[in-house]
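These notes are about the structure you will find just below.
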There are 2 protein chains.
Amino acid sequence: MSAVTAVGKAFSMLEFLVATERSATLAEATQMTRLPKPTAHRLLRALQKLGYVSRPPGTRSYSMGPRLARLQAGDAHAHVKALARPAMAKLHQRFNETVNLGMLSGREVLYLEYQATSHALRIVLRPGDKDPYYCTALGRAMVSALPLEDCERIIEATHPKRQTPKTLLAKSSLRSLLGAVRKNGFAEEHGESVDGISCLAVHLGQWGYPQYAISLAVPTPRLKGKIRMQMVKALKILASGDAAPSGFRKLS
Amino acid sequence: MSAVTAVGKAFSMLEFLVATERSATLAEATQMTRLPKPTAHRLLRALQKLGYVSRPPGTRSYSMGPRLARLQAGDAHAHVKALARPAMAKLHQRFNETVNLGMLSGREVLYLEYQATSHALRIVLRPGDKDPYYCTALGRAMVSALPLEDCERIIEATHPKRQTPKTLLAKSSLRSLLGAVRKNGFAEEHGESVDGISCLAVHLGQWGYPQYAISLAVPTPRLKGKIRMQMVKALKILASGDAAPSGFRKLS
DNA sequence: AATTAAAATTCCGTTTGATGGAATCCTTAA
DNA sequence: TTAAGGATTCCATCAAACGGAATTTTAATT
């Protein structure tokens, strides 16, 4: 087996720094990455020399470095992200729930970006994570947007695994479920992917990007009363492209 | 000296993959990174296991992996980039010259993003690269946007180094030069940073981001006749925020 | 189907870089 | 001044990275 453990540690360190707003001290980094102090220190200095971390002048802390920009240059989804960001922000502001942008990658949902609720109880799916399509609202929204024959082919090739007690396992229910999604114009899922979390999602086919979708992820207890229908409505408006264009805002 | 060489190699590999459109074969990666074949191979597999590179199904090639998104999530400048991108694209289309977005980081210009001309003769500054402020149009545009006392403090602390035969070295000329930039509303520079390259730049203070600037980088021979004034005018319009808003476009 | 050349992958003995506990050195606060 | 809590350096140990060479796989050609 290949090892390259230093590389893995370096990336953990980098991801920790990126996830941390502003900068972190060596002690924090040591604690969060669970690396021994000298190891963390050596790693940070090495990354600094490479330009991937920098040290805000004056402080003795570490933060992400400018060279990370080089890794961002090739982001294939930058366009969609930029496009979706204002709409996601709107949803986020209105409901204060976690908003996810995902795409269909093979038969999996790939999470691209999120805006998290400020509630203490929340779900955080990190960009780069993946989930099966069949137990997520995002996945269902995107698969249902595919041409019927593709959709059917995917269903046939699916062998659902139980993720939570509620995960649907029968192909027949999956098939009818996707039909309903197509008819209703939105997808939903209640605790099938993560216990206690419900999701509502719409794909962005109207924007020209059927393989992308946006979802609201809500702890099931908070999704009661009229809220659900309000969310569905907001998502459908968003997907239709009728949301007020929010290009250049007044900036000063 | 700390070593951590494997980490450096891993990043070279990753940067190569990111810079390459689509995917690359092991042979290409080996050649471009100048690593021995087994080393490159081991590295790619390790990065794959970590999720930073992926292998397009069917092919036997490598490309950037989904986990890179995690490193992009914390991009502090994403907002400005997204904002500037349409304006940059416009400039790029009109003049077919390289357009740069940069920010002031201490006393240096940090390049964030670029759109390259299609001409064979071009200058490419990679995101993450840095240059001193005093010999670049970007730097001069941004420094001149600072409050006068800050500006003067920076000038005093500057000890210009000769980058090309044309680099200005006297503080007095630098001071009057920045004054002119402030008066004219744009900065320029001819072969002082890279021999044979001229730049025109404006800061984005009107957009609410005075520490960011956009420049056109043109091989000096191509900057003749009326072109220069047309470019200056286009940049000033852009900076004023009067450029036609280009928010949500029709997306089919 | 057989042949072969090119490319990818694995092998494995060598060596180097990574490791982390302990000691030392700064900083900051009292 | 002193103390306390980080940050940094040391260094003996050892595992991990190294890369030339051998092997296997793939794809093209006859």
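Note that this is a predicted model, so its numbers are computed, not measured. Within every chain, numbering begins at 1; the chains are lettered A, B, ... in the order of the sequence lines, protein sequences first and strands thereafter. Side chains are part of it too, since the values below use all heavy atoms of this structure and drop only hydrogens, waters and symmetry mates.
The residues A/K171 and A/E152 are annotated as not salt-bridged, no charged nitrogen and carboxylate oxygen being separated by less than 4.0 angstrom. In summary, B/R140 and B/E189 do not engage in a salt bridge, as defined by a charged side-chain N under 4.0 Å from a carboxylate O.
As a whole-Å value, the separation of A/L44 CG from D/dT9 C1' is 15 Å. With rounding to whole Å, B/R55 atom CZ is found 10 Å from C/dT9 atom C1'. For the pair A/R45 CZ and D/dT9 C1', the computed distance is 11 Å after rounding to whole Å. Per the geometry, NZ belonging to B/K49 stands 13 Å off C1' belonging to D/dA16, to the nearest Å. Between A/E28 atom CD and D/dG6 atom C1' there is a gap of 12 Å when expressed in whole angstrom units. We find that CD of B/Q31 is positioned 12 Å from P of C/dA8, with the value rounded to whole Å.
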Show each protein N/O and nucleotides 23-30 of chain C N/O combination with a separation under 3.5 Å, one pair to a line.
none

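The side chain of A/K9 sits closest to C/dT19 out of D/dG6, D/dT8, C/dT19. In the set D/dA7, D/dC18, C/dT10, the nucleotide with an atom closest to the side chain of B/T5 is D/dC18.
Between A/Q72 and B/P127 the shortest side-chain heavy-atom distance does not fall below 4.5 Å.
Look at B/H41 and you'll find a side-chain N or O under 4.0 angstrom from OP1 or OP2 of C/dT9. Phosphate proximity of C/dA18 to A/R42: absent, as no side-chain N or O sits under 4.0 Å from OP1 or OP2. The phosphate of D/dA7 has OP1 or OP2 within less than 4.0 Å of a side-chain N or O from A/T25.
Residue contacts for B/R34: at a heavy-atom cut-off of 4.0 Å it reaches no nucleic acid atom on any strand shown. Within 4.0 Å of A/P38, counting heavy atoms only, lies at least one base atom of the nucleic acid.
Screening residues 99-110 of chain A for side-chain hydrogen bond (donor to acceptor under 3.5 Å, both in side chains), with sequence neighbours left out, gives no hits.
Without hydrogens or angle criteria, A/Y134 side chain to A/K161 main chain gives a donor-acceptor distance under 3.5 Å.
For the atom pair B/L50 CG and B/R45 CZ, the distance stands at 13.0 Å (nearest 0.5 Å).
The aromatic rings of A/H77 and A/Y212 stand perpendicular to each other, their planes meeting at an angle above 60°, with 30° marking the opposite boundary.
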